[in-house]
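Please read the structure below before turning to the comments.
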Amino acid sequence: MDDLNQVLRARREKLAALKARGIEPFAYNFDCTHRAAEASAIFEQADAAGTLGEDGEGEATRIGGRIVAWRSHGKSAFAHVEDASGRIQLYFKKDMLGDESFADLDLLDLGDWIGVEGPLFRTRTGEVTVRVRTWTLLAKSLRPLPFGKVETDPETGERRVHSGFADTESRYRQRYADLAVNPDVREVFRTRARIISELRSFMDGEGFLEVETPVLQPLYGGASARPFMTTHNALERTMFLRIADELYLKRLIVGGMDRVYEISKDFRNEGIDRFHNPEFTMLEWYQAFADYEDQMDLVERLLVHVVRSVKGTDSFVFGDHEIAIRSPFPRIKLVDALSEALSEDVSDMPEGELRRRAEKLSIPELAGAGRGKLVDKLFGELVEPSLIQPTFVLDHPRELSPLAKPKRGEPRLTERFEMYMAGVEIFNAFSELNDPLDQRERFEAQGRLRAEGDEEAQQVDEDYIRAMEYGMPPTGGVGMGVDRLVMLLTNQASIRDVILFPVLRGDE
RNA sequence: GCCUCGCUAGCUCAACUGGCUAGAGCAACUGACUCUUAAUCAGUAGGUUCGGGGUUCGAGUCCCUGGCGGGGCACCA
């Protein structure tokens, strides 16, 4: 207790005083009749309909919330409480509450949870307010929340927060405090939930079956990435956290489940930046009898559906850009886009020339890069940042896509697309490779890359090849970065702002 | 992993070129106030300046080192 600062100490003293007065500081429940926003709305309706009482009072309500502002005036006090719906003003008056209950208000603090009961009325300045008849302490706050002060501009109604809680690191580490004092942050995560819900209902509506495949895997695959490893004690074996759902979902296609999808966390043991968190949420789906052309149509319909449902329009603002979701989206071939950027056809450009171009742009880490990798690097440098409006980029080099079918008529390429918005890759899809002999060769080529030190190259998955040998129908598959879509639709600059508890270093 | 910027009271921020006892607002505490809303007014208290080491008569400030975070690069979705 000695090492607590005065602020924490004052609250513990109030806690003791409350107990001494026979007030339970941590209640078991509270029977609310309304949320704050509903109560205000009901009052406004009654007022408009002229059904308020003669004293201008509306119906009695019970509201539970956290005290976020307090203004005491001697024998009366105003406060705001906030619940999940918003905030509402409270008016405490000594002759309404009685001496004892009014005196006990001195033991409340910002951050306390209370329940109040009383009729609604409108103050002289027009704000719908609860005239508190009785109040109950629901939970004492023993640590001050970093509330700012909210100023509402009387003319524009605009809310400005003074001081507040801005330190990025503290906000991520103590997300509970961030959520408690920043309603905007709560809104971002409400939108995130809506987006995921709309993704589900869209996939369900298209006849896809939601499935769950292993997070903990004996082999990992389906993407180029380093995995997290762990150990199963009883089995005495190394297990991997999945880097993609792909290989299991396609086993289900082999099994005859012709449309499947999964929304789940994947884990990649790589760097962290504003577009990457080590654990992130992916939507993957696989559709039998379809190819990547069909998947472009599906992606377009999915985006239109989600953006309309969540934003109410066909466009949204991200940073400096207004992104319009109007299908069909432009479809450009990777090689053509790059040729245009270089003002020279790259389809037959020798590897040495590609390398010289990349070196001229001082693109780093070119050592050991083959043709495909060079094309990819150049594309990332020259074209990707300019893909602001939704754009499909088609037909990636074969060596970069070991799970995709060869492009019809152009066997050095694959039937693959990535979809970009705001310069960010959101979707990745292929006509799925369903020839088990070709698949084995691709895995073996990956194995050679691995032997040369490419830690991200895939391993041979014999069981996956066995599944394919039973017969896999032609299939279109798509992966989507859910967090990134949420970033775009909530206009958040960092993936950490759309993940409740992003990965940070320890602070011990 | 590399480059770069940052870390000062519970919160948001000051402190010039190294120089008095590290300041302010909010929050807290004491008092006044029965329609306020960034309530107001009077007063009080609150600091390991991220940790460790060094230079100096003197370090929040300069140097070394470590930690954490932001941004960029690399890797990647």
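In what follows, chains carry the letters A, B, and so on, assigned in the order in which the sequence lines appear, proteins first and then strands, with residues in each chain numbered from 1.
With hydrogens and angles ignored, a donor-acceptor pair closer than 3.5 Å exists between the side chain of Gln89(A) and the base of U36(B). For a distance-only test at 3.5 Å, the side chain of Asp95(A) qualifies as a donor-acceptor partner of the base of U34(B).
Taking atom P in both G52(B) and A9(B), one finds a spacing of 16 Å when rounded to whole Å. Nucleotides A15(B) and G58(B) have their P atoms positioned 25 Å apart, rounded to a whole Å. Rounded to the nearest Å, the gap between the C1' atom of C11(B) and that of A28(B) is 12 Å. Taking the C1' atom of each, U61(B) and U8(B) are spaced 11 Å apart, rounded to whole Å. For the C1' atom pair drawn from U44(B) and G70(B), the interatomic distance equals 38 Å after rounding to whole Å. Taking atom C1' on both nucleotides, A39(B) is separated from C35(B) by 11 Å, rounded to a whole Å. As rounded to the nearest Å, G60(B) and C16(B) have C1' atoms that lie 14 Å from one another. Separating the P atom of C7(B) from that of G46(B) is a span of 25 Å, rounded to the nearest Å.
Side-chain N or O atoms of Asp461(A) include one that pairs as donor or acceptor with a backbone N or O of Tyr464(A) at under 3.5 Å. Although no hydrogens or angles enter the test, the distance criterion places no donor-acceptor pair under 3.5 Å between the side chain of Glu198(A) and the main chain of Val306(A).
Of the candidate nucleotides G70(B), G10(B), C11(B), C11(B) has the atom lying nearest to any side-chain atom of Phe165(A). Checking U36(B), C68(B), U12(B) against every side-chain atom of Glu127(A), the shortest atom distance belongs to U36(B). Among the nucleotides C35(B), A39(B), C68(B), the one closest to the side chain of Lys149(A) is A39(B). Listed candidates were A39(B), A38(B), A77(B). Nearest to the side chain of Ser224(A) is A77(B). In this structure, the nucleotide among G70(B), C35(B), A38(B) sitting nearest to the side chain of Phe121(A) is C35(B). Nearest to the side-chain atoms of Arg274(A) among the listed nucleotides G72(B), G10(B), A77(B) stands G72(B). Between A77(B), G71(B), A27(B), one nucleotide has an atom nearer to the side chain of Leu110(A) than all others, and that is A27(B). The side chain of Phe78(A) lies closest to C35(B), out of A77(B), C35(B), G70(B). Side chain of Ser72(A), nearest nucleotide from A77(B), C33(B), U12(B): C33(B). Proximity note for Ala10(A) (side chain, C-beta onward) versus G70(B), C35(B), C29(B): the nearest is C29(B).
Residue Asp273(A) is in base contact, counting any heavy-atom pair closer than 4.0 Å across all strands shown. When heavy atoms are screened at a 4.0 angstrom cut-off, Ala225(A) is found touching no nucleic acid atom at all. Among the atoms of the strands shown, base atoms are found under 4.0 Å from some heavy atom of Phe275(A). Contacts of Gly271(A) with the nucleic acid, taken as non-hydrogen atoms under 4.0 Å apart, include base atoms. Residue Arg484(A) is classed as a base contact, given a heavy-atom separation below 4.0 Å to a base.
A salt bridge links Arg242(A) with Glu262(A); the closest basic N to acidic carboxylate O contact falls under 4.0 Å. Under 4.0 Å is where a charged nitrogen must lie from a carboxylate oxygen, and between Asp83(A) and Arg66(A) no such pair does.
If Ala493(A) and Ile426(A) are placed on RNA chain B by their nearest nucleotide, the residue sitting closer to the 5' end is Ala493(A). If Asp106(A) and Lys94(A) are placed on RNA chain B by their nearest nucleotide, the residue sitting closer to the 5' end is Asp106(A).
Between the CD1 atom of Ile272(A) and the P atom of C73(B) there is a distance of 16 Å, rounded to whole Å. One interatomic measurement links the two molecules: CG of Asp167(A) to P of G69(B), which rounds to 11 Å at whole-angstrom precision. Spacing between atom CZ of Arg173(A) and atom P of C7(B) amounts to 17 Å, rounded to whole angstrom units. To the nearest angstrom, C1' of C68(B) lies 14 Å from CD of Gln174(A). Summarising the geometry, the separation between CH2 on Trp70(A) and P on U34(B) is reported as 16 Å, rounded to the nearest angstrom. With rounding to whole Å, Tyr172(A) atom OH is found 10 Å from G69(B) atom C1'. Per the geometry, CD belonging to Glu151(A) stands 6 Å off P belonging to A38(B), to the nearest Å. If you take CG of Asn269(A) and C1' of A74(B), they are 16 Å apart, rounded to a whole angstrom.
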Going through the checks in order, is the side chain to side chain donor-acceptor pair (under 3.5 Å) test met by Glu246(A) and Tyr248(A)?
CA-CA 6 Å; Glu246(A) 174 146 359; Tyr248(A) 281 95; over 6 Å; no
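When both distances must be under 3.5 Å, the Watson-Crick or G-U wobble mate of C2(B) is G72(B). In a base pair of the Watson-Crick type (N1 to N3 plus N6-O4 or O6-N4) or a G-U wobble (N1-O2 and O6-N3), with each distance short of 3.5 Å, U36(B) is matched with no nucleotide. Base pairing annotation: A22(B) forms no Watson-Crick or G-U wobble pair, as no partner gives both donor-acceptor distances under 3.5 Å. Base-pair partner of A9(B): not found among the strands shown (Watson-Crick or G-U wobble, both distances under 3.5 Å). Nucleotide A28(B) is matched to U44(B) when pairs are restricted to Watson-Crick or G-U wobble geometry with both distances under 3.5 angstrom. Nucleotide C62(B): paired with G54(B) (Watson-Crick or G-U wobble, both distances less than 3.5 Å).
Tyr91(A) and Gln89(A) form no side-chain donor-acceptor contact under 3.5 Å, judged by distance and modelled atom types alone. Between the side chains of Ser494(A) and Arg496(A), at least one donor-acceptor pair of N or O atoms lies under 3.5 Å.
Phosphate contact (OP1/OP2 of C29(B), side-chain N/O of Lys14(A), threshold under 4.0 Å): present. Within the structure, every side-chain polar atom (N or O) of Lys75(A) is placed at least 4.0 Å from both OP1 and OP2 of A32(B). Side-chain N/O atoms of Arg171(A) include none lying less than 4.0 angstrom from OP1 or OP2 on G69(B). Within the structure, every side-chain polar atom (N or O) of Arg143(A) is placed at least 4.0 Å from both OP1 and OP2 of G10(B). The phosphate of G71(B) (OP1 or OP2) has a side-chain N or O of Arg496(A) nearer than 4.0 angstrom. OP1 or OP2 of A39(B) lies within a sub-4.0 Å distance of a side-chain N or O belonging to Arg71(A).
With centres under 5.5 Å and a plane angle under 30° as the test, the ring of Phe147(A) is not stacked against the base of A27(B).
In plain terms, the two heavy atoms of Tyr292(A) and Phe430(A) that are nearest each other are CB-C, 3.8 Å.
Remark: Arg131(A) is positioned above the aromatic ring of Phe121(A), its terminal NZ or CZ atom under 6.0 angstrom from the ring centre and at most 45 degrees off the axis.
Checked against the 6.0 Å centroid threshold, Phe92(A) and Trp70(A) count as a close aromatic pair.
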